[in-house]
Amino acid sequence: MRLSIRYENQFQSIELNEEETQEMWVSLSLEGENLEKEKLIQKTFDEKFNKPEYNIWHRETRHLTTPKERFNDDGDEYDTSEPLMKEVADDRIFRKDEIERAYQDDYEGVCKWIRTALGKKQDWADMFIAVRMEGMSIREYASSIGVSENNITQKLKRATKKLEQEYKNRQI
């Protein structure tokens, strides 16, 4: 008997001997006369397994299990001490560079907005970014540029007030 099996979008034929045909008859739980046996097996097999939906599902899900040994193109075994991305609950560890780039882009965007909002007062912008965003202490920043702490505190208050006004008046 020749059994036609759909694999993806093509049919392949398998030659079954009498014993295999009988096993197929039993495994598909068929009943009937021996004259129609081959047609009945093919018809039942088509209904159960030769559906395009089944083959699409099979194609998409056949490699979901992780093999115990992983090999690269050269046939060498991969290091399996690290889990795959789909094996961990939180995949941010695999996307660390992407997250850091996004954070850096956001940080640079905020710094650019601060510099444009404060306009000609670039020293205020540098001071605000260093103290408020980067976490440098007022005393440390004052000693680095050589001015008093009170001066830095007053400039920070003015810069904060100006930025609050700019934030309220921004256009979305």
Side-chain angles (χ1 to χ4, degrees), residues 1-117 125-126 128-137 140 160 163-164 166-172:
M1 171 187 174
R2 294 183 70 79
L3 182 65
S4 295
I5 299 173
R6 179 191 296 258
Y7 181 73
E8 295 183 357
N9 291 332
Q10 299 175 352
F11 281 94
Q12 297 178 352
S13 295
I14 295 176
E15 190 69 38
L16 300 176
N17 60 27
E18 189 62 36
E19 183 181 322
E20 292 168 338
T21 305
Q22 186 62 33
E23 288 175 8
M24 185 68 75
W25 181 265
V26 172
S27 68
L28 292 175
S29 303
L30 299 175
E31 296 177 4
E33 297 180 23
N34 287 340
L35 300 174
E36 303 173 356
K37 186 184 271 189
E38 293 180 5
K39 291 180 182 177
L40 206 57
I41 288 174
Q42 183 66 53
K43 181 181 175 189
T44 308
F45 194 85
D46 288 343
E47 289 173 1
K48 287 188 176 183
F49 303 109
N50 281 344
K51 296 179 184 176
E53 297 85 22
Y54 171 80
N55 287 296
I56 290 171
W57 172 83
H58 181 68
R59 184 185 66 214
E60 298 298 326
T61 59
R62 67 179 166 211
H63 296 297
L64 287 183
T65 59
T66 307
K68 293 180 181 176
E69 297 176 350
R70 299 182 195 133
F71 298 98
N72 61 11
D73 295 336
D74 299 331
D76 299 331
E77 189 174 337
Y78 282 126
D79 179 21
T80 57
S81 60
E82 290 186 14
L84 296 174
M85 186 181 281
K86 65 182 177 182
E87 295 172 345
V88 295
D90 185 9
D91 65 346
R92 286 182 290 176
I93 188 73
F94 295 107
R95 299 182 302 115
K96 186 192 281 186
D97 294 338
E98 177 185 342
I99 292 169
E100 287 176 2
R101 279 193 304 271
Y103 175 78
Q104 186 66 26
D105 290 345
D106 292 344
Y107 176 80
E108 289 172 1
V110 170
C111 289
K112 183 179 177 184
W113 178 78
I114 289 171
R115 291 182 194 286
T116 49
D126 294 336
F128 188 86
I129 291 169
V131 174
R132 296 288 189 240
M133 292 179 62
E134 295 175 359
M136 185 183 282
S137 70
E140 187 180 344
T160 304
L163 289 173
E164 284 175 352
E166 286 292 321
Y167 190 76
K168 288 178 185 175
N169 296 334
R170 74 188 189 287
Q171 293 186 4
I172 297 176

Q | Whether T116 side chain and W113 backbone form a donor-acceptor pair below 3.5 Å | A | yes

**Q.** Nearest-0.5 Å distance that lies between atom CG in L16 and atom OG1 in T21
**A.** 5.0 Å

Q. Does E134 have any side-chain hydrogen bond (donor to acceptor under 3.5 Å, both in side chains) partners at least two apart in sequence or in another chain, and if so, which?
A. Y107

Q. Among all residues two or more places apart in sequence or in another chain, which pass the side-chain hydrogen bond (donor to acceptor under 3.5 Å, both in side chains) test with R115?
A. D126

Q | Partner residues of E108 under the salt bridge (charged side-chain N to carboxylate O under 4.0 Å, His left out) criterion, sequence neighbours left out | A | none

Q. How many angstroms lie between atom CD1 of I5 and atom CG of D46, to the nearest 0.5 angstrom?
A. 10.0 Å

(Q) Nearest 0.5 Å, please: how far is CZ in R95 from CZ in R101? (A) 11.0 Å

Q. So do the side chains of E100 and K96 get within less than 4.5 Å of each other, counting heavy atoms only?
A. yes

Q: Quick one: list whatever passes side-chain contact (heavy atoms from CB on, under 4.5 Å) with N17, sequence neighbours left out.
A: E19, E20

Q: Give, for atom CD of E23 and atom CD1 of I41, the distance between the pair rounded to the nearest 0.5 Å.
A: 11.0 Å

Q: Would you name the heavy atoms of Q42 and S4 that are closest together and state the gap between them?
A: OE1-N, 2.9 Å

Q: Under the ring pair (Phe, Tyr, Trp, His ring centres under 6.0 Å) rule, collect the residues that match up with F45, sequence neighbours excluded.
A: F49

(Q) Quick one, K37 and Q22 - any side-chain contact, counting heavy atoms below 4.5 Å? (A) yes

(Q) Nearest 0.5 angstrom please: I114 CD1 to R132 CZ, how far? (A) 11.0 Å

Q) Who pairs with E164 by side-chain contact (heavy atoms from CB on, under 4.5 Å), at least two apart in sequence or on another chain? A) T160

